[in-house]
Amino acid sequence: MDYQVVVLAAGQGRRMGAGENKVLLDLAGAPVIVHTLRVFETDPSCKGIVLVTRDDEKEQFRALVEDYRLKKVRTFAEGGKERQESVRSGLAVIKMDQKEIVLIHDGARPFITHREIATVTEAAAESGAALLAVPVKDTIKQVADFTVERTLERKSLWAAQTPQAFRLFLIRRAHQESLETHFMGTDDVSLVEQMGLPVKIVEGSYRNIKLTTPEDLVIAQTFLQRGEE
């Protein structure tokens, strides 16, 4: 099923401690963001990429897109202070039928696969909103002031990933309502949840990691050495 995708690359990446945007860090000879964009570039179902960047880095990203011949990156959008603002900016420049599917994906997740993209896209076409996620493996504690309040039931907990997929009209409506009510979600499906609408969960892969800390880069290098990009 055809789709367009908003790829977020405007984050600060403070936990990476690299002193620069983490998606511009080198990973096996190319910036992280290039690995991510190549997945969508080579997916026949992807009909266009909107790349959301900070204004002061836009030209740097434009140069990367040209150097690596990423022809599906046709539009740039300016990122905001918060992730939610960046997504809204990307959605605003999407040009497609309101009923078609748009994906929202973290630029720091370079190991998403075409199969996973197809699965979550199809789920969104059926339900209106869907996300990739994996069952939590660790025991999760709810804590206050460094004291355990309770242990959460692991069987019902899933770790959210991206891409998250939506009918365009639905996610635009969710963002508009969150703007009007001043609701800040931790991801995009939480805005749909806030509207009382169902979100379909699709089991993803534990390889679809978000590169957040220096340790994640080591794991990413291992994946690439094993040919698992």
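Side chain of Asp145 to main chain of Thr147: no donor-acceptor pair is present (N/O by atom type, distance under 3.5 Å, no hydrogens or angles). With hydrogens and angles ignored, the 3.5 Å screen pairs no side-chain donor or acceptor of Glu100 with any backbone N or O of Arg167. Using a distance-only test at 3.5 Å, with no hydrogens or angles considered, a donor-acceptor pair links the side chain of Asp216 to the main chain of Thr213. Although no hydrogens or angles enter the test, the distance criterion places no donor-acceptor pair under 3.5 Å between the side chain of Glu82 and the main chain of Gln84. Judged by distance alone, the side chain of Tyr68 and the main-chain N or O of Ala30 form no donor-acceptor pair under 3.5 Å. Glu78 contributes no side-chain N or O that, together with a main-chain N or O of Asp55, makes up a donor-acceptor pair within less than 3.5 Å. Put simply, the side chain of Lys72 gets close to the backbone of Glu41: a donor and an acceptor are under 3.5 Å apart. Within the 3.5 Å criterion, the main-chain N or O of Lys95 finds a donor-acceptor partner in the side chain of Gln4. Looking at Thr75, its side chain never comes within 3.5 Å of a backbone N or O of Val50 through a donor-acceptor pair. Between the Arg109 side chain and the Asn208 main chain, a donor and an acceptor come within less than 3.5 Å of each other.
If you check the side chains of Gln225 and Gln221, you find no donor sitting under 3.5 Å from an acceptor. A donor and an acceptor atom, one from each side chain of Thr53 and Lys58, are nowhere located under 3.5 Å apart. Inspection of the Ser190 and Asp187 side chains reveals an N or O donor paired with an N or O acceptor under 3.5 Å.
At a threshold of 4.5 Å between non-hydrogen side-chain atoms, the residues Pro31 and Leu25 do not count as touching. Considering only heavy atoms from C-beta on, Gln142 stays 4.5 Å or farther from Val148 through its side chain. Looking at Ile140 and Leu157, their side chains come closer than 4.5 Å, going by heavy atoms from C-beta outward. Looking only at side-chain heavy atoms (C-beta outward), Val102 and Ile171 come within less than 4.5 Å of each other. Contact check for Ile219 versus Thr222: no side-chain heavy atoms found under the 4.5 Å cut-off. Residues Arg83 and Leu8 are in side-chain contact: their nearest non-hydrogen atoms beyond the backbone lie under 4.5 Å apart. Between Asp106 and Val7, the closest side-chain pair of non-hydrogen atoms is not below 4.5 Å. Residues Leu191 and His175 meet the side-chain proximity criterion, which asks for heavy atoms closer than 4.5 Å.
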Any chance you could lay out the side chain to side chain contact (heavy atoms under 4.5 Å, CB included) test for Ile209 and Gln161, step after step, and finish with the verdict? CA-CA 8 Å; Ile209 62 173; Gln161 299 180 337; over 6 Å; no
Does the side chain to side chain contact (heavy atoms under 4.5 Å, CB included) test come out yes or no for Ile104 and Val5, once each step is laid out? CA-CA 6 Å; Ile104 300 169; Val5 59; over 6 Å; no
Quick one, Leu103 with Ile101, criterion side chain to side chain contact (heavy atoms under 4.5 Å, CB included). Give me CA distance, side-chain angles, the key distance, then yes/no. CA-CA 7 Å; Leu103 272 56; Ile101 301 297; 3.7 Å; yes
Apply side chain to side chain contact (heavy atoms under 4.5 Å, CB included) to Arg172 and Gln98, showing your working. CA-CA 9 Å; Arg172 277 181 170 168; Gln98 291 280 358; 2.9 Å; yes
Evaluate the criterion salt bridge (charged side-chain N to carboxylate O under 4.0 Å, His left out) for residue pair Arg173 and Glu177; output intermediate values, then yes/no. CA-CA 6 Å; Arg173 176 184 158 199; Glu177 289 197 10; 3.3 Å; yes
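If you look at Phe40 and His105, their ring centroids are closer than 6.0 Å. Checked against the 6.0 Å centroid criterion, the rings of Phe76 and Phe61 do not qualify as a close aromatic pair.
There is no path of hydrophobic side-chain contacts, each under 4.5 Å, that joins Val202 to Phe166. Side-chain heavy atoms closer than 4.5 Å link hydrophobic residues (I, L, V, M, F, W, Y) into clusters, and following such links, even through other members, never connects Val52 to Leu211. By the criterion of side-chain heavy atoms lying less than 4.5 angstrom apart, applied directly or through intervening Ile, Leu, Val, Met, Phe, Trp or Tyr residues, Leu179 is not grouped with Val87; the two fall into different hydrophobic clusters. Leu70 and Val6 fall into different hydrophobic clusters, defined by Ile, Leu, Val, Met, Phe, Trp and Tyr side-chain heavy atoms under 4.5 Å apart, directly or through other members.
To the nearest 0.5 Å, atom CG of residue Leu168 and atom CG of residue Leu91 are 6.5 Å apart. The line from CG of Asp188 to CG of Leu170 is 11.0 Å long, rounded to the nearest 0.5 Å. Rounding to the nearest 0.5 angstrom, the gap separating the CZ atom in Arg62 from the CG atom in Asp67 is 13.5 Å. Annotation: the span from Thr162 atom OG1 to Leu131 atom CG amounts to 9.5 Å, rounded to 0.5 Å.
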Tabulate below the donor-acceptor pairs under 3.5 Å that side-chain atoms of residues 42-49 make, not counting sequence neighbours, or state none.
residue : atom : partner : partner atom : Å
Thr42   : OG1  : Arg38   : O            : 2.8
Thr42   : OG1  : Val39   : O            : 3.2
Thr42   : OG1  : His114  : NE2          : 3.2
Asp43   : OD1  : Ser45   : N            : 3.1
Asp43   : OD2  : Tyr3    : OH           : 2.7
Lys47   : NZ   : Pro44   : O            : 3.0

Give every donor-acceptor pair under 3.5 Å between a side-chain atom in residues 116-130 and any protein atom, sequence neighbours left out.
residue : atom : partner : partner atom : Å
Glu116  : OE1  : Thr113  : N            : 3.2
Glu116  : OE1  : Thr113  : OG1          : 3.3
Thr119  : OG1  : Arg115  : O            : 2.9
Thr121  : OG1  : Ile117  : O            : 2.7
Ser127  : OG   : Ala123  : O            : 2.9
Ser127  : OG   : Ala129  : O            : 2.9

Show me the side-chain donor-acceptor pairs of residues 192-201 shorter than 3.5 Å, one per line, residues at least two apart or across chains.
none

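Among all heavy-atom pairs drawn from Glu149 and Ala144, the shortest one is OE2-CB, 3.2 Å. When all heavy atoms are compared, the tightest approach of Thr36 to Gly107 is OG1-O, 2.7 Å. In terms of heavy atoms, Val32 sits closest to Ala108 at CG1-CA, 4.2 Å. What you find for Glu203 and Pro135 is that their closest heavy atoms are OE2-CD, 3.7 Å. The minimum heavy-atom distance between Leu224 and His35, with the atom names listed, is CD1-CE1, 4.2 Å. Looking at every heavy atom in both residues, Leu27 comes nearest to Ala220 through CD1-CB, 3.8 Å.
Comment: Glu85 does not engage Arg88 in a salt bridge, judged by the lack of any side-chain N to carboxylate O separation of less than 4.0 angstrom. One finds a salt bridge joining Arg54 and Asp56 here, because a Lys/Arg side-chain nitrogen approaches an Asp/Glu carboxylate oxygen to under 4.0 Å.
With Ile33 as the partner, the side-chain contact (heavy atoms from CB on, under 4.5 Å) test is satisfied by one option alone out of Val23, Val65, Asn21: Val23.
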